[in-house]
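The block underneath contains the structure these notes are about, expressed in structure tokens.
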Amino acid sequence: MPAGQPPPRRSRKWIWWLAGALAVSVIVIIAGAGYGTYTLVNRFQGGGFSCLPSDFPSYPGAIVAGQSTKYYGPGVPAGDTRVCRMTLIADDPIDTVSAYYHDRLESGDWILDSMEPKKGTFDFHRLSRPKTAGTVEPHQLGQQTEILIVLYS
């Protein structure tokens, strides 16, 4: 190196490449977390994490408003191991919802035991396992219908 000349400057492009890669990584992580949360919420609202059996009649278009499962607790009939409580909200009137459950609980593996017209309660059981039984109670909520399903299995 000739005397009096400053040493050559090193390129610092790598810092910009590193910052760019880090920024892209952060954006991808945030987008992935957002999509995952969105998918999880939609799956829950659509009944994807239902405590009900997969062949139980699911009212079309209803969203899950609440769900709970208890194991080996009070209120569970002898021989059963859990109670599933699910609340759905449908945009249809109670007559439409009631007709749907009346028809669906008289087909396939489900048997309609009784219907209490004044309360609108349907009592049912599973044909292949009679101890799996429960109730469906639709309630009018303004323009919507709340559907409370209790299943002992």
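Only this structure's heavy atoms are used, side chains among them; waters, hydrogens and symmetry mates stay out.
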Report the C-alpha separation of L141 and I89 in whole Å, then their side-chain angles, then the decisive distance to 0.1 Å, and conclude whether the side chain to side chain contact (heavy atoms under 4.5 Å, CB included) test is met.
CA-CA 9 Å; L141 294 174; I89 302 292; 4.1 Å; yes
Any donor and acceptor pair, going by atom type alone, linking the side chain of T145 with main-chain N or O of I94 inside 3.5 Å?
yes
Residues clustered with W16, ILVMFWY side-chain links under 4.5 angstrom
none
Report the distance from atom CZ of R85 to atom SG of C51, rounding to the nearest 0.5 Å.
10.0 Å
Any chance you could measure T132, atom OG1, to Y152, atom OH, to the nearest 0.5 Å?
12.5 Å
Apply side chain to side chain contact (heavy atoms under 4.5 Å, CB included) to V136 and Y100, showing your working.
CA-CA 11 Å; V136 173; Y100 173 86; over 6 Å; no
Who are the side chain to side chain contact (heavy atoms under 4.5 Å, CB included) partners of T135, not counting sequence neighbours?
T121, D123, E137, V150
For the pair M86 and L52, evaluate side chain to side chain contact (heavy atoms under 4.5 Å, CB included) and give the outcome as yes or no after the intermediate values.
CA-CA 8 Å; M86 181 164 275; L52 297 171; 3.7 Å; yes
Under the rule for side chain to side chain donor-acceptor pair (under 3.5 Å), what residues qualify as partners of Y59, not counting sequence neighbours?
D92
Under the salt bridge (charged side-chain N to carboxylate O under 4.0 Å, His left out) rule, what pairs show up with a residue in residues 95-108, not counting sequence neighbours?
none
Each residue besides V28 in its hydrophobic cluster should be listed here, by chain and number; the cluster joins Ile, Leu, Val, Met, Phe, Trp and Tyr at side-chain heavy-atom distances under 4.5 Å.
V24
Using a 4.5 Å cut-off between side-chain heavy atoms of Ile, Leu, Val, Met, Phe, Trp and Tyr, which other residues end up in the same hydrophobic cluster as I111?
L127
Residues F124, L151; criterion side chain to side chain contact (heavy atoms under 4.5 Å, CB included); working and verdict:
CA-CA 9 Å; F124 63 88; L151 179 71; 3.6 Å; yes
Sequence neighbours excluded, the answer for salt bridge (charged side-chain N to carboxylate O under 4.0 Å, His left out) partners of R126 is D55, D109
Can you confirm whether T69 sits close enough to V83 that some side-chain heavy atom of one is under 4.5 Å from a side-chain heavy atom of the other?
no
Connecting only ILVMFWY residues whose side-chain heavy atoms lie within less than 4.5 Å of each other, what is the rest of W17's hydrophobic cluster?
none
Got a second to check how far I27's CD1 is from I29's CD1, nearest 0.5 Å?
10.5 Å
First locate atom SG of C84, then atom CZ of F56, and finally report the distance between them rounded to the nearest 0.5 Å.
8.5 Å
Could you grab the distance from atom NE2 of H139 to atom OG1 of T87, nearest 0.5 Å is fine?
9.0 Å
Hey, are the side chains of F122 and P138 touching, using non-hydrogen atoms and a 4.5 Å cut-off?
yes
Are the side chains of L88 and E146 in contact, using a 4.5 Å heavy-atom criterion?
no
Pairing residues for Q144 by the side chain to side chain donor-acceptor pair (under 3.5 Å) criterion, not counting sequence neighbours:
D91
